[in-house]
Amino acid sequence: MMLAGLPDLDQPVSGLPGVAWRAHLRPSDVVVIPDRLALEADVDGSPRLRLTLMRSATRDGATTGGRLDIGLTIEAAVAEVGAALAAASQSAAVVVGAFEIGLLELDAALGPVSWAPLMSPRLLEPAWLSRARLLLDLPPEAAAIAARIVGEDVMPLRASLHVAYRAIAPRLRLRVDYDPHALAIRLAERLGAEARTSDDAFAAAIDALLADVTVIRVDGDVEAVDAPHRATVLGLRLADRFVTRDPMRPDAISLKPAAALPTGRERIDLSQPAAVLMRRQLDFDPLAAARAMQRDDPLRVRYVDLPPIPTGRTAITLEANLPEPIAGLQTLVADFRAPPAPPFRPLALTVSVSLDNPRRSASAELQLAPGEPLDGEIRLRAMLARGDELVEVAGAWRPLRGTHAVLGPNDFGAPLVVLRAAPALLAIADIEASIGSPGSPASDRPDARLDRTTPSVALAGERERMHVRVRPHGEGVPITVDLGPTTYQPFLDLPNLPGYGAHQATVVTASTSPVMVEWRPDDDANVAPLATRIGGDRPEARIGWIAASPFRPGVRWRTVRGGVTSGWSAPIGPADALRIDVDTRADTDTDTGIEPHARTETETETETETETETETETNRSVLP
């Protein structure tokens, strides 16, 4: 498993809003974990929260079920964290941690302490773990509760999203040696054979067994480590070996049977980095959020009367629940097929329906034999524009269960990567997304554009071949961002573009006379310049600046010698170990806007002849 880029639990970043750690092996990245749910807004600004209640024509209008259409976004405090880092003069790129697993529950309050589920827990596919449009089937009981919510408008809703993400476990100066079979037996004695327990109870049981050297041998000073922290780390590192987890019950784990674990010796060095699965829960009230967005009729309701279905004729409804819009999508089709059912239906049955916007839903009527149960397969098929040609992608066939089916991202014939951009960035820049290596013919024509009305888009294809071009509306250098491979969510905001935030450089001189060096950020000509003195007694000094714009991240400098002030230099782009030689100032390079006498420490150490001009690369980064 690739460990680089995962949040390192040994390196928390204090003083920031939200939950943030330094990235493992990438100390310049600060990983922010999404920590809040919000309702998605439609183009008109209204909340995406709609309820459909179905009534049977044969049951005196009684509610027989319903559908809930809800759009969720999962947000991280990227802008707030970026601003806090810049204010603290910390140089870092803010990136968004990616969730691997999501489970959504939706409950309605029947009283102060009583909650009734409106749906069965729903596992969310990875493509939905940043922006999800969910179409939820409500059974009759849940539909009746929903109707009461609409009628009385007093019952709060609670949406709970249980998520999991990979992180690097904290390290301890301990090594444990154990027999898996023997340890499983002792755990069963403490917690019960194949017992359902909690992460905290499992961690406490493991930690308590450290005192029994016949079960676990420990190298290192056990008492030097805080007991609760030690138990937490042991529980994280050994969980995959000794417990199983029900994806539909994220708060509970079960011990593996001792017979399933081998006899022998295993050794774990807790001082070495290892990836573990961290879990958290996000909660919010969708109805309260909808009222905050739209006071009048925040929950839109539609009633559908269901007519009786003639014998042998069966109506099916197929819907697509995909991240929208999908770049280049021309047509989207759902196919149904059923094998022959002789003697009454000797021919195979095939039906295709077009799933057009805005609902991506269509119905078809099947002519089955009288009394024949519905037994068929469905798939999703799409036509995508790729340059000057159309490409068909088709998902795998899967069984149809019931007369209604929702096809999701896993049914699409290609991986879907959801790219999002923050409103603050869309207000000052144009964003174009392309599938293909930068500079290739395929990248000359962007596959998608993001703007204020389309702040997110789904790209179909392999993430490693995707990149984004961010062009500022005003002055500045365009930025090319690769989407992968990376462990981060593809989310664009000012703080996670290369060049934003705090930077440092070293100004050097070989002169024995004092030189005053003044500098200021390139993106703000009105800021008062800072100054430092260098000379024979102090040949170099560190300087720092904060770039509020990633499109103009450089620094300008000038010198004051004997009361004579030079002109400002051209902007010098930030770089690792950047050194600025102020002695032999040449004309600025007006083509590139880069001062010729900027260099890195490595270049300075290896230079043995005349000074050479330092070239600058095009801003390019792996997308946070």
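- Under 3.5 Å, the side chains of Asp283 and Ser160 contain a donor-acceptor pair of N or O atoms.
- A donor and an acceptor atom, one from each side chain of Asp451 and Thr453, are located under 3.5 Å apart.
- When each of Val95, Val32, Val78 is tested with Phe491 by the rule side-chain contact (heavy atoms from CB on, under 4.5 Å), just one qualifies, namely Val78.
- For the side-chain contact (heavy atoms from CB on, under 4.5 Å) with Leu134, the qualifying choice from Ile70, Leu106, Asp69, Leu68 is Ile70, the only one to do so.
- The CZ atom of Arg420 lies 10.0 Å from the CG atom of Asp493; values are rounded to the nearest 0.5 Å.
- Here the side chains of Arg133 and Arg48 are in contact, with some heavy-atom distance below 4.5 Å.
- Side chains of Val481 and His467 form no contact here, defined as non-hydrogen atoms less than 4.5 Å apart.
- Looking at heavy atoms from C-beta onward, Leu39 lies in side-chain contact with Met293 at the 4.5 angstrom threshold.
- The distance from atom CG of Leu187 to atom CD of Glu194, rounded to the nearest 0.5 Å, is 13.0 Å.
- The only member of Ile74, Leu161, Leu124 that meets side-chain contact (heavy atoms from CB on, under 4.5 Å) when paired with Phe99 is Ile74.
- Counting all heavy atoms, side chain and backbone alike, Ile479 lies closest to Pro550 at CD1-O, 3.6 Å.
- Contact check for Glu40 versus Leu72: no side-chain heavy atoms found under the 4.5 Å cut-off.
- A donor-acceptor contact under 3.5 angstrom links the side chains of His404 and Glu319, judged on distance only.
- Expressed to the nearest 0.5 Å, how far CZ of Arg359 lies from CG of Leu355 amounts to 11.5 Å.
- Counting only heavy atoms from C-beta outward, the side chains of Trp21 and Ile33 approach each other to under 4.5 Å.
- Defined by atom type and a distance below 3.5 Å, a donor-acceptor pair is present between the side-chain atoms of Tyr488 and Asp29.
- Within the 4.5 Å cutoff, the side chain of Leu459 has no heavy atoms near those of the Leu416 side chain.
- Nearest heavy-atom pair, Leu6 versus Ala275, reported as atom, atom and distance to 0.1 Å: CD1-CB, 4.0 Å.
- Between the CZ atom of Phe202 and the OG1 atom of Thr197 there is a distance of 9.0 Å, given to the nearest 0.5 Å.
- Taking CG from Asp246 and OG from Ser254, the interatomic distance works out to 7.5 Å, rounded to the nearest 0.5 Å.
- Every residue meeting the ring pair (Phe, Tyr, Trp, His ring centres under 6.0 Å) condition with Phe242, not counting sequence neighbours, appears here in chain and number order: Tyr178.
- Here the side chains of Met119 and Leu104 are in contact, with some heavy-atom distance below 4.5 Å.
- Here the side chains of Arg463 and Ile435 are not in contact, with every heavy-atom distance at 4.5 Å or above.
- Between the side chain of Arg398 and the main chain of Ala396, no donor-acceptor pair closer than 3.5 Å is present.
- A side-chain donor-acceptor contact under 3.5 Å links Thr232 to the backbone of Pro228.
- Atom CZ of residue Arg36 and atom OG1 of residue Thr73 lie 9.0 Å apart, to the nearest 0.5 angstrom.
- The backbone N or O of Gly328 lies less than 3.5 Å from no partner atom in the side chain of Asp447, so there is not a single donor-acceptor pair.
- Nearest approach of Ala334 to Leu407, heavy atoms of both residues: CB-CD1, 4.4 Å.
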